[in-house]
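Working notes for the structure below.
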2 protein chains.
Amino acid sequence: MTSRKKRRSCLQSLKPEEIEVMLRKAGLQPTAQRIAICRYVFCEADHPTAEDVKRWADKHLPKISLATVYNTLSALAKAGLLLELKLSHSDCVVYDVNTERHFHFLDEKTGKLFDVGEEELGLELKLKGGLKARAIEVLIRGTSK
Amino acid sequence: MTSRKKRRSCLQSLKPEEIEVMLRKAGLQPTAQRIAICRYVFCEADHPTAEDVKRWADKHLPKISLATVYNTLSALAKAGLLLELKLSHSDCVVYDVNTERHFHFLDEKTGKLFDVGEEELGLELKLKGGLKARAIEVLIRGTSK
DNA sequence: ATATTTGCAAAGCCTTTGCAGGGGA
DNA sequence: TCCCCTGCAAAGGCTTTGCAAATAT
């Protein structure tokens, strides 16, 4: 098993109560919709979009509106529980449960997105003209075998 | 004068006839609208959006439609004369006359975008799991003094 | 009781598309 | 002539917003 897979699986067993605690800590009311969305996003999904979440929710919840999905994801992101990624290959935001500093790899054949750990990409900044870096976003395009 | 400025200024004096030649070489009919858009994009603008181009065109041309602006910019990009950038800080595409391999720097205070030459950022790929890179997109966020 | 959150529909933003008229090759 | 280009308006995809009803503390 690669380190890529390990990183994901560390969150796969969150219980509803743990999600409640997490939401409260983040200052968010643990409503049924939010708990459900978290279960999916943190335990099952891989870089889901709002549409992915909505599709899943329609199967697993009695009712939820698309606006609530957007609001919830955006609230989770604002609370620092998720990263909101706007990548160049797609028009829609994808959410990432990995909030550590990392980069992304897009398999251009399949459209699949992988997290790339800091240790997989060495960066050496030699910026001219007084530019001061604060954060770096990297999308590597290629193929995964 | 920094190298950043030099790179831009090498295109600042294109004459209409030169633009015509460039368009023909690219397989595009040199219509009045296209020539005008090229004058702006190649000689005056700095990472313009379609809206920027439209605004400029409305001041300098008798009439042009937004669709034509989009079509023209997209045709120029398809022809390899421009780069179409979708960056995470903005919902709209920005166009870049610099078609060499390079990266971008966003001044988060001003919103201004700078090109960052390859020599200003060392990259060392150590991808695991059989990922093969083909291209790398980098957006550095920070401040310019 | 009070402040949040939800659902719905409508609107927003950026971009693309369909089609008729116009112009260059 | 024929094909490409233009302009206009409409539609498209994704996301946000306004507001009343429902829910949480």
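A, B, ... follow the sequence lines: proteins, then strands. Residue 1 opens every chain.
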Worksheet item: For A/N71, what residues pass the side chain to side chain donor-acceptor pair (under 3.5 Å) criterion, not counting sequence neighbours?
Response: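 Testing A/N71 for side chain to side chain donor-acceptor pair (under 3.5 Å), a comparison that skips the adjacent residues, returns none.
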Worksheet item: Is there a path from A/Y40 to A/L83 through hydrophobic residues (I, L, V, M, F, W, Y) whose side chains come within less than 4.5 Å of each other?
Response: no
Worksheet entry | Transitive ILVMFWY side-chain link B/L125 to A/L123, under 4.5 Å |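 Linked, B/L125 and A/L123 end up in one cluster.
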Discussion item. Check whether A/R34 reaches the backbone of A/Q29 with its side chain - one donor and one acceptor, N or O, closer than 3.5 Å.
Written reply: yes
Worksheet, complete the sentence: Applied to residues 83-92 of chain A, the side-chain hydrogen bond (donor to acceptor under 3.5 Å, both in side chains) test, sequence neighbours excluded, yields A/E84-A/Y95, A/K86-B/D91, A/S88-A/R141, A/S88-B/E137, A/D91-B/K86
Discussion item. If only side-chain N and O atoms count, and only distance matters, is there a donor-acceptor pair under 3.5 Å linking B/D96 with B/H102?
Written reply: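 B/H102 vs B/D96: donor-acceptor pair found between side chains.
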Worksheet item: Under 3.5 Å, is there a donor-acceptor pair linking the side chains of A/S144 and A/D107?
Response: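 On atom types as modelled, these side chains qualify, holding a pair under 3.5 Å.
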Worksheet item: Could you give the angle between the helix axes at the two ends of the helix from C/dA1-D/dT25 to C/dA25-D/dT1, with five pairs per end, rounded to 10 degrees?
Response: 30°
Item to complete: Walk along DNA chain D from 5' to 3' and tell me the first and last nucleotide with an atom closer than 4.0 Å to a non-hydrogen atom of chain A.
Response: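 Span of nucleotides near chain A: D/dC14 to D/dT25.
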Practice prompt. Report the distance from atom CG of B/L66 to atom C1' of C/dC14, rounded to the nearest whole Å.
Written response: 9 Å
Practice prompt. Using whole Å, report how far CZ of A/R34 lies from P of C/dT4.
Written response: 11 Å
Worksheet entry | More than 12 heavy atoms of other groups within 6.0 Å of A/K112 NZ | yes
Discussion item. Let me spell it out: for each of A/T31 and B/V93, pick the nucleotide of DNA chain C with the closest heavy atom. Which residue's pick is nearer the 5' end?
Written reply: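 It is A/T31, whose closest nucleotide lies nearer the 5' terminus.
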Worksheet item: How is B/Q33 classified with respect to the nucleic acid when contacts are heavy atoms under 4.0 Å: base, sugar-phosphate, or nothing?
Response: sugar-phosphate
Item to complete: Run the salt-bridge test on A/K126 and B/E120 with the 4.0 Å N-O cut-off and return the result as yes or no.
Response: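 Not counted as a salt bridge, because no side-chain N and carboxylate O are separated by less than 4.0 Å.
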Worksheet item: Could you state the interatomic distance from CD1 (A/I64) to OG1 (A/T31), rounded to the nearest 0.5 Å?
Response: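 Answer rounded to 0.5 Å: 8.0 Å.
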Fill in: Short side-chain N/O contact from B/Y70 to OP1 or OP2 of C/dT16, under 4.0 Å
no
Item to complete: Do nucleotides 18-25 of chain C as a string where each nucleotide becomes B, S or -: B if the base has a protein heavy atom under 4.0 Å, S if just the sugar-phosphate does, - if no protein is that close.
Response: -------S
Discussion item. Holding to salt bridge (charged side-chain N to carboxylate O under 4.0 Å, His left out), I want the full list of residues that pass it with B/E51, two or more places apart in sequence or in another chain.
Written reply: none
